[in-house]
Every structure is written in structure tokens, then in C-alpha cells.
Colleague: 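To start, I am sharing the structure in question, which I have written as C-alpha cells.
In listed order, ligands and their atoms are each counted from 1. These numbers were taken from a predicted model, which means no experiment stands behind them.
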Amino acid sequence: MANDFPILKPGSTLGILGGGQLGRMLALAAARFGLRCHVFSPEKESCAFDIAYAKTCASYEDEAALTRFADSCDLITFEFENVPAETADFLVTNKKAVLPDPAILATTQDRLAEKHFLTDFEIKTAPYAEISSDVDLPVAIVQVQAPAVMKTRRLGYDGKGQAVVSQGDDPAAAWKAIGEVPAILEGFVDFDLEISVVAARGRDGSFAAFEPTENIHRDHILHKSIVPANITPAVAKEAVSIARKIADELKYVGVLAVEMFVVPKDGKYELLVNEIAPRVHNSGHWTIDGANVSQFEQHVRAVAGWPLGRPRRIGQVEMTNLIGDEIESWKKFAALPNTAVHVYGKGEARPGRKMGHVTRVTPED
Ligand code: AMP
């Protein structure tokens, strides 16, 4: 289907569903290629609006607004994986050109469907069990064993919709804590580190990955990304081949990120996939300043039907998120050598809100 869509030429309009910092950085990358971006977001204060050629502020359920938006775009993509399924269906049914294929969202929006997908393709994950009603709780805890994490199937991010079940805990308490909604119980993984692979797949099936990134979280939110990750070349190769398998099986077009746990096992390391993000990803922000092609440029190239760039890192890289009022220190970072400051132009610096990031690139000899 992707091959039926027009190849975007400079001057074309790329629609972006979602108006956060990912949309903003995508639009900035698209602008370099002479593409115009039309941003669709339900939130008035969307920071991608500030730099877009056109904007629509309407709900994802507003079919008239969606139609007008789609008619003004040559191709549509998204920066946000929780685009409602009805919105995706509406665009597909009305034959709008959307990449990556929104059908993929059915798999990645639902932690259970995602785990089944990975298991079907023999990609390892933490042990898991389905919780659809309280009847499932005793079976799940025997199957998975505490310690475990209960996660809502849908709409969880940055640790939201999660509750830990320690040894001896009643899993019913965790289920209550997450609102007694459909969930999975996942075995707690004693990992050495967390990594992600940010990779692109083109319309023609071409594939290009950035080097695996080591990710350090604070309060469940990404704090730092470090590249190269502290893993062996064999683990790095395996991580990239897992990401490639996922992208190929999904017939994916665009940039995706695969988060993995690196777990010591029998004197070696095993990789367990935690999550697939069908979009550009926070752990790929380092590529703007630390590589010859950024994840945002790669995504634009992939969906536009252009050749993918060949990513090459240009130094040792450390990306640090500026969360909440940490953004106040932008001036301090702006004075440091080899340091790029990114401010997303959002309004209020609420606790936990991603306001910007800084990337330090130390040239390698
Ligand atoms: P998630 O929302 O699934 O990406 O989880 C957010 C973070 O919680 C992960 O990046 C891990 O640091 C931690 N986490 C999630 N699942 C597990 C698990 N099964 N075992 C250990 N830590 C986990």
C-alpha cells in the first residue's frame, strides 16, 4: 500500500497527528527538505503549532476537521501512538495516505497484543499473563510469580498505569490501584541496563538503525541516554537484528523504537523486549546533534519515500532531559562547550513535564 502513496517532493505538505515536542522536531526536520507541515492536535497550547505551516486544533473524533486536514496534506504521519483507533480507521477508510500504516497501532497500543505479537515471532519478553477480570488474578500470579508489575493494557506511559506486586502481596490490591481495567501481569526483570534501538524502515524495505542507546530512567521518566551503550558488540548486533525483525514483520515504514532489557544469563546476556514505540522516540533525540542524520530526518525520508540516510555517530554522546523546572538551567547549558540546548517552547514547567533536552557530544579520537 505504501508504494501507492505519492513520493513527497519539496513543497509538498506533510500532515502530523499530534502536536508535542516530537511533532515539533519532525516539522523542523521536514522544513530543511522544503516540506511544509500541517499539525493536527486537540490541545490549544501544542508546541508544534509554533513552527508549523498550518495547524488544526480539533478533537481526533471531529471527522469534518480530519477531512479538511487530510485534504490539505499530501501524506500524513503521527508523532503520538495513542491516536484513537477510530481516527486511524476513518483516515484509512477514506483512503488518506498515512504512514506508518495505522493498522500497526492496534498491536502497539495494547500491551497484550504487543506481547502476543513478539511471542509469535519468537522475540523474548518478560513472562506475562492476561488480567481481564478478578478471576484471572490467582492464575496469573502462579504463572508469572512475584515480584511482578501490573500494567494497564492501554494508555500507560512513563510508568503511569503500573503497580508493583511484591512477594506475598495480594495482586487484587495492584489491580485496584490501576483502576481494575484490562491489564497484564509482567514478571519483574532484574536487568543490568535498559537500551533502545531507534531504526528506520523505508517504503522499499530498506533498513537503517542507529547504534543502541543506553537509557537511564528517573521516576519512570527517561533521564539520560548514553551512546555508545555499555554493551558488547555481540549484544548490540543482536539488539539491532531484533529491531529489524520487528520492523520487517510489521512491514513498518518510518522510524520506530524498540526498548529492551539487558539481562545477565549464564555468563552471557539475554535481551528482552519491553516495548515497541511506532514513532520517533525520546531515546533518539541524541541523533540531532550526535549523528550525521537525525531520527526526525530519517522518519521524514522514510515516509516521504526517499532513500534513508546512513546513520553514523560523530562522538560520545550524552542526552539529558530537562524535566519540569530543570528547564530554568538552559542558560547554564548554553554556556558549555560541545553542548546543544533544545527548548520545546511549552508553557508551564509542571513537574514531570518534558520541557527540553541537552546533548553533549565529545569528539572521539
Ligand atoms: P514501561 O512503561 O513499560 O516502558 O515501563 C517504564 C519503566 O519501568 C521501564 O523503562 C523500566 O525501567 C521499568 N519496568 C517496566 N517493566 C518492568 C519489568 N517487567 N521489570 C523491571 N522493570 C520494569
Side-chain angles (χ1 to χ4, degrees), residues 20 22 80-82 105 107-119 123-131 140-167 169 171 174-175 177-179 181-198 212-227 229-231 239 242-243 246 256-265 269-286 319-321 323 352-354 357:
L22 301 178
F80 158 73
E81 71 269 48
N82 287 319
L105 297 175
T107 306
T108 57
Q109 282 178 352
D110 177 350
R111 288 190 194 271
L112 183 66
E114 186 173 270
K115 289 271 197 292
H116 285 334
F117 162 80
L118 292 165
T119 309
I123 295 169
K124 291 189 191 122
T125 69
Y128 66 96
E130 175 177 354
I131 313 280
I141 197 71
V142 169
Q143 204 178 323
V144 170
Q145 303 276 313
V149 195
M150 197 166 307
K151 300 181 176 180
T152 57
R153 280 175 60 174
R154 295 180 172 277
L155 298 173
Y157 68 97
D158 289 345
K160 294 189 177 64
Q162 298 192 10
V164 172
V165 183
S166 303
Q167 236 141 21
D169 282 357
W175 200 42
I178 62 164
V181 291
I184 59 169
L185 185 68
E186 197 179 287
F188 196 81
V189 178
D190 197 8
F191 53 78
D192 255 16
L193 53 122
E194 291 185 79
I195 59 168
S196 57
V197 174
V198 175
T213 304
E214 180 173 339
N215 299 317
I216 299 166
H217 292 83
R218 218 171 50 183
D219 302 329
H220 290 282
I221 301 175
L222 183 67
H223 168 48
K224 269 186 200 297
S225 290
I226 296 167
V227 205
N230 186 18
I231 52 176
I242 290 172
I246 291 170
L256 88 175
V258 182
E259 296 180 32
M260 304 175 202
F261 299 130
V262 183
V263 188
K265 193 181 175 193
Y269 288 97
E270 180 174 63
L271 291 172
L272 303 182
V273 171
N274 176 37
E275 209 162 51
I276 306 167
R279 54 170 169 78
V280 287
H281 193 254
N282 194 170
S283 68
H285 289 3
W286 66 268
M319 188 286 313
T320 308
N321 271 335
I323 309 282
R353 194 173 194 201
K354 291 176 179 167
H357 71 267

Colleague: How would you list, by chain and number, every residue that makes a side chain to side chain donor-acceptor pair (under 3.5 Å) with Thr107, sequence neighbours excluded?
Modeller: none
Colleague: Below 4.0 angstrom from a heavy atom of Phe191, which ligand 1 atoms are there? Numbered from 1 as shown, please.
Modeller: 21 (C), 22 (N)
Colleague: Applying a heavy-atom cut-off of 4.0 Å, say which part of Arg111 lies close to ligand 1: side chain, backbone, both or neither.
Modeller: side chain
Colleague: If the plane angle is over 60° it's perpendicular, under 30° parallel, otherwise tilted; pick one for His357 and His285.
Modeller: tilted
Colleague: Ignoring hydrogens, just give me the one of Asp190, Val189, Leu193 whose non-hydrogen atom is nearest atom 20 (N) of ligand 1.
Modeller: Val189
Colleague: Return yes if a side-chain donor-acceptor contact under 3.5 Å exists between His220 and Gln162, otherwise no.
Modeller: no
Colleague: Can you list the ligand 1 atoms lying under 4.0 Å from a non-hydrogen atom of Glu194?
Modeller: 9 (C), 10 (O), 11 (C), 12 (O)
Colleague: Quick one: does Gln109's side chain have a donor or acceptor within less than 3.5 Å of a partner on Leu155's backbone?
Modeller: no
Colleague: Identify, by atom number and element, the atoms of ligand 1 in contact range of Glu186, meaning under 4.0 Å from any of its heavy atoms.
Modeller: 16 (N), 17 (C), 18 (C), 19 (N)
Colleague: Which heavy atom of Val227 sits nearest to which heavy atom of Pro212, and what is that distance?
Modeller: CG1-O, 3.7 Å
Colleague: Between ligand 1 and Gly187, can you find any atom pair, the residue atom being a heavy atom, that is separated by under 4.0 Å?
Modeller: yes
Colleague: Quick one: which ligand 1 atoms are inside 4.0 Å of a heavy atom on Gln162?
Modeller: 1 (P), 2 (O), 3 (O), 5 (O)
Colleague: With heavy atoms of Asn274 as the reference, note each atom of ligand 1 found under 4.0 Å away.
Modeller: 1 (P), 3 (O), 4 (O)
Colleague: Pull out every atom of ligand 1 sitting under 4.0 Å from any heavy atom of Glu259, numbered as shown with elements.
Modeller: 4 (O)
Colleague: Any atoms of ligand 1 less than 4.0 Å from a non-hydrogen atom of His217? List them with their elements.
Modeller: 10 (O)
Colleague: Is the closest N or O pair between Phe261 and ligand 1 shorter than 3.5 Å?
Modeller: no
Colleague: Of the side chain and backbone of Asn215, name the one, both, or neither that has a heavy atom under 4.0 Å from an atom of ligand 1.
Modeller: neither
Colleague: Is it true that a side-chain atom of Trp175 and a backbone atom of Val181 form a donor plus acceptor pair closer than 3.5 Å?
Modeller: yes
Colleague: Quick one about Lys224 and Asn215 (side-chain donor to acceptor, distance below 3.5 Å, no hydrogens or angles considered), yes or no?
Modeller: no
Colleague: Using side chain to side chain contact (heavy atoms under 4.5 Å, CB included) as the criterion, list what pairs up with Asp192, not counting sequence neighbours.
Modeller: Pro264, Tyr269
